[in-house]
Colleague: 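This is the structure I have questions about; it appears just below.
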Amino acid sequence: RVAVNSAINLFLKEKVEGIIYLAWQDRDVDGLIDPINIPLVYAYCLSDSDSDERSWVNYDNVGSMLDIMNRVYELNHRKIALLKGGDKECYPSNVRFQVYLDKLKEWGISYRDEYVKTGHWLFEDGRRFYNELMALQDPPTVVVSLNDEMAAGFISESMNTDRKILDKVSIVGYNGFSYCRFLYPTLATVKIPLKEIGFEATKQLIDEIQKKGCGKRRVILPCVYQDGDSLREMVVD
């Protein structure tokens, strides 16, 4: 908090007319930045507090995770594993995990602790989780990875070992990085609208600087599902 406000003060000394605060990670930034006398818009983060009247632009964590879960269910998967990352305070991981839990409950699917793995969002985590999940007596038929890097590691380990990714287990990622289409099999994923977040945040800031009467806005942009060969229908015998 101290470092962020020190940086803000440097901008204020240069007489800037407005600031976009771009978070390094999607999170709730309520109380992070002290009151200032120029417009400030949050991007790639949010502030849920009613006392913080600043505008923000973020992406739809809940809607995108619902889309993923509904897709794997429609493809007949009922043994659904989850790869998540970060610590206990990690906002996107917690939000998406809650959607996972809610959908399992809605569908009458029992929660299985051995199907949920927590790492550090790394490629090596995905490789390790592949071996752990495939070693289970009753392994999952689909894995939802909350970022593409762990999903890529999962695919890599499968292709380097028993290639179960081709016929035994599906995986879907999250982020929509450009390398997903170069993986084999290509990774099904959800693309975060980073460019659109930047555009909307900039537009909002300019409007507030020019006092166009736009008012404060809180914008949640939809993510876009990108199909890939890594997510297949579960054939029910």
Side-chain angles (χ1 to χ4, degrees), residues 25-26 61 64-177 179-180 182-190 225-226 228-237:
Q25 182 189 59
D26 171 25
N61 262 297
S64 55
M65 189 64 183
L66 284 171
D67 189 19
I68 291 173
M69 292 296 290
N70 287 332
R71 285 176 186 272
V72 300
Y73 188 82
E74 288 166 1
L75 291 172
N76 295 320
H77 293 283
R78 302 296 182 264
K79 299 176 183 179
I80 306 169
L82 184 78
L83 312 184
K84 59 192 185 80
D87 56 25
K88 292 180 180 179
E89 304 302 318
C90 183
Y91 175 83
S93 186
N94 290 340
V95 171
R96 297 174 205 165
F97 181 50
Q98 188 59 53
V99 173
Y100 172 80
L101 295 176
D102 290 345
K103 294 305 288 186
L104 291 185
K105 183 177 180 180
E106 176 186 329
W107 296 327
I109 299 174
S110 298
Y111 172 79
R112 299 174 63 167
D113 191 58
E114 69 271 24
Y115 278 5
V116 177
K117 303 292 182 179
T118 303
H120 302 283
W121 307 109
L122 301 176
F123 181 89
E124 289 302 320
D125 290 330
R127 296 185 62 182
R128 174 166 53 89
F129 293 152
Y130 177 83
N131 289 315
E132 292 176 3
L133 289 170
M134 293 302 101
L136 294 174
Q137 200 166 31
D138 186 22
T141 63
V142 67
V143 177
V144 176
S145 174
L146 297 190
N147 83 332
D148 289 342
E149 195 150 345
M150 290 190 293
F154 191 94
I155 289 175
S156 175
E157 188 66 11
S158 175
M159 296 302 290
N160 288 335
T161 53
D162 49 27
R163 299 200 174 196
K164 288 183 180 178
I165 195 71
L166 294 176
D167 54 11
K168 296 293 185 181
V169 62
S170 290
I171 186 165
V172 56
Y174 198 108
N175 283 133
F177 291 136
Y179 63 72
C180 294
F182 300 119
L183 296 173
Y184 179 72
T186 55
L187 178 62
T189 185
V190 167
Y225 175 77
Q226 297 180 333
D229 295 333
S230 68
L231 181 58
R232 297 179 174 86
E233 182 176 7
M234 174 64 187
V235 178
V236 180
D237 295 331

Colleague: Would you say the side-chain atoms of S230 pair up with the backbone N or O of A188, donor to acceptor, closer than 3.5 Å?
Modeller: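 Between the backbone of A188 and the side chain of S230 there is a qualifying donor-acceptor contact (under 3.5 Å).
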Colleague: Quick one: are V169 and P139 in side-chain contact, heavy atoms under 4.5 Å?
Modeller: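 SC-SC contact between V169 and P139 ruled out.
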Colleague: Would you compute the distance between atom CG of L83 and atom CZ of F129 and round it to the nearest 0.5 angstrom?
Modeller: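 It comes to 6.0 Å.
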Colleague: Does the D148 side chain pair with the main chain of Y174, one donor and one acceptor, at a distance under 3.5 Å?
Modeller: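 A pair under 3.5 Å: yes.
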Colleague: Should K105 and D102 count as an ion pair when the cut-off is N to O under 4.0 Å?
Modeller: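 Between D102 and K105 there is no salt bridge, as every charged N stays at least 4.0 Å from the carboxylate O atoms.
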Colleague: Looking at every heavy atom in both L166 and P185, which two are closest together, and how far apart are they?
Modeller: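 Shortest heavy-atom separation between L166 and P185 comes out as CD2-CD, 4.4 Å.
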Colleague: Any heavy-atom pair between the side chains of M234 and V72 that's under 4.5 Å?
Modeller: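 Side chain of V72 against side chain of M234, heavy atoms only: no contact under 4.5 Å found.
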Colleague: Specify the closest pair of heavy atoms between Y225 and V172, including all atoms of both residues, with the distance to one decimal.
Modeller: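 Nearest heavy atoms, Y225 then V172: CE1-CG2, 4.3 Å.
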Colleague: Output the distance between atom NZ (K88) and atom OG1 (T118), rounded to the nearest 0.5 Å.
Modeller: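 So the NZ of K88 and the OG1 of T118 are separated by 10.5 Å.
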Colleague: Contact between L101 and Y111 at the side-chain level, heavy atoms closer than 4.5 Å - yes or no?
Modeller: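 L101 vs Y111: side chains touch.
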Colleague: Are the side chains of S110 and R78 in contact, using a 4.5 Å heavy-atom criterion?
Modeller: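 No; the side chains remain at least 4.5 Å from each other.
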Colleague: What distance do I68 atom CD1 and R96 atom CZ have between them, rounded to the nearest 0.5 Å?
Modeller: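 Reported value, rounded in 0.5 Å steps: 7.5 Å.
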Colleague: Is it true that the NZ or CZ of R127 lies under 6.0 Å from the centre of F154's six-membered ring and within 45 degrees of the ring axis?
Modeller: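 Not flagged: R127 not positioned over aromatic ring of F154.
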Colleague: Starting from the C-alpha separation in whole Å, work towards a yes-or-no answer on side chain to side chain contact (heavy atoms under 4.5 Å, CB included) for K84 and V116.
Modeller: CA-CA 8 Å; K84 59 192 185 80; V116 177; 3.8 Å; yes
Colleague: Please round to the nearest 0.5 Å and tell me the distance separating atom CH2 of W121 and atom SG of C90.
Modeller: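 So the CH2 of W121 and the SG of C90 are separated by 4.5 Å.
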Colleague: Any ion pair linking D138 and R112 (charged N to carboxylate O, less than 4.0 Å)?
Modeller: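 A salt bridge is present here (some side-chain N lies under 4.0 Å from a carboxylate O).
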Colleague: Quick check: do V144 and Y100 have side-chain heavy atoms less than 4.5 Å from each other?
Modeller: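 No, their side chains stay 4.5 Å or more apart.
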Colleague: If you measure from CG on L146 to CE on M150, what distance do you get to the nearest 0.5 Å?
Modeller: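 If we round to the nearest 0.5 Å, L146:CG and M150:CE are 6.0 Å apart.
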Colleague: Parallel, tilted or perpendicular: which describes the rings of F177 and Y179, with under 30° parallel and over 60° perpendicular?
Modeller: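 Judged by the thresholds at 30° and 60°, the geometry between F177 and Y179 is tilted.
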Colleague: Counting C-beta onward and ignoring hydrogens, is there a side-chain heavy-atom pair between I171 and I155 closer than 4.5 Å?
Modeller: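 Answer yes - side chains close enough.
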Colleague: Should R128 and E132 count as an ion pair when the cut-off is N to O under 4.0 Å?
Modeller: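 Counted as a salt bridge, because a side-chain N and a carboxylate O are separated by less than 4.0 Å.
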Colleague: For residues D162 and Y130, is any side-chain donor paired with an opposing acceptor at under 3.5 Å?
Modeller: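 There is such a pair (donor and acceptor under 3.5 Å, judged by atom type) between the side chains of D162 and Y130.
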Colleague: I'd like to check the salt bridge (Lys or Arg N to Asp or Glu O under 4.0 Å) partners of D229; sequence neighbours left out, ordered by chain and number.
Modeller: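 None.
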Colleague: Say whether, by atom type as modelled, one donor and one acceptor occur between the side chain of S158 and the main chain of K164 under 3.5 angstrom.
Modeller: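 Such a contact is found between S158 side chain and K164 backbone.
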Colleague: Regarding K103 and E106, does a basic nitrogen lie under 4.0 Å from an acidic carboxylate oxygen?
Modeller: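 Yes.
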Colleague: For the backbone of I165 and the side chain of R232, can you confirm whether one donor and one acceptor N or O come within less than 3.5 Å of each other?
Modeller: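 A pair under 3.5 Å: yes.
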Colleague: Please examine the side chains of L133 and K117, heavy atoms only from C-beta on, and report whether any two atoms are closer than 4.5 Å.
Modeller: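 Sidechains of L133 and K117: in contact.
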Colleague: Using side-chain heavy atoms (C-beta onward) and a distance below 4.5 Å, is H77 in contact with S170?
Modeller: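 Yes, close enough: below the 4.5 Å cut-off.
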Colleague: Would the distance check show the side chain of T161 and the main-chain N or O of E157 forming a donor-acceptor pair, the cut-off being under 3.5 Å?
Modeller: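 Yes, because the side chain of T161 sits within donor-acceptor range (under 3.5 Å) of the backbone of E157.
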Colleague: Using 0.5 Å steps for rounding, measure from the OG1 atom of T186 to the CG atom of L183.
Modeller: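 The CG atom of L183 is 8.0 Å from OG1 of T186, to the nearest 0.5 Å.
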Colleague: According to the interplanar angle, ranging from 0 to 90°, do the rings of Y73 and W107 count as parallel (below 30°), tilted (30 to 60°) or perpendicular (above 60°)?
Modeller: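 Geometry flag for W107 against Y73: parallel rings.
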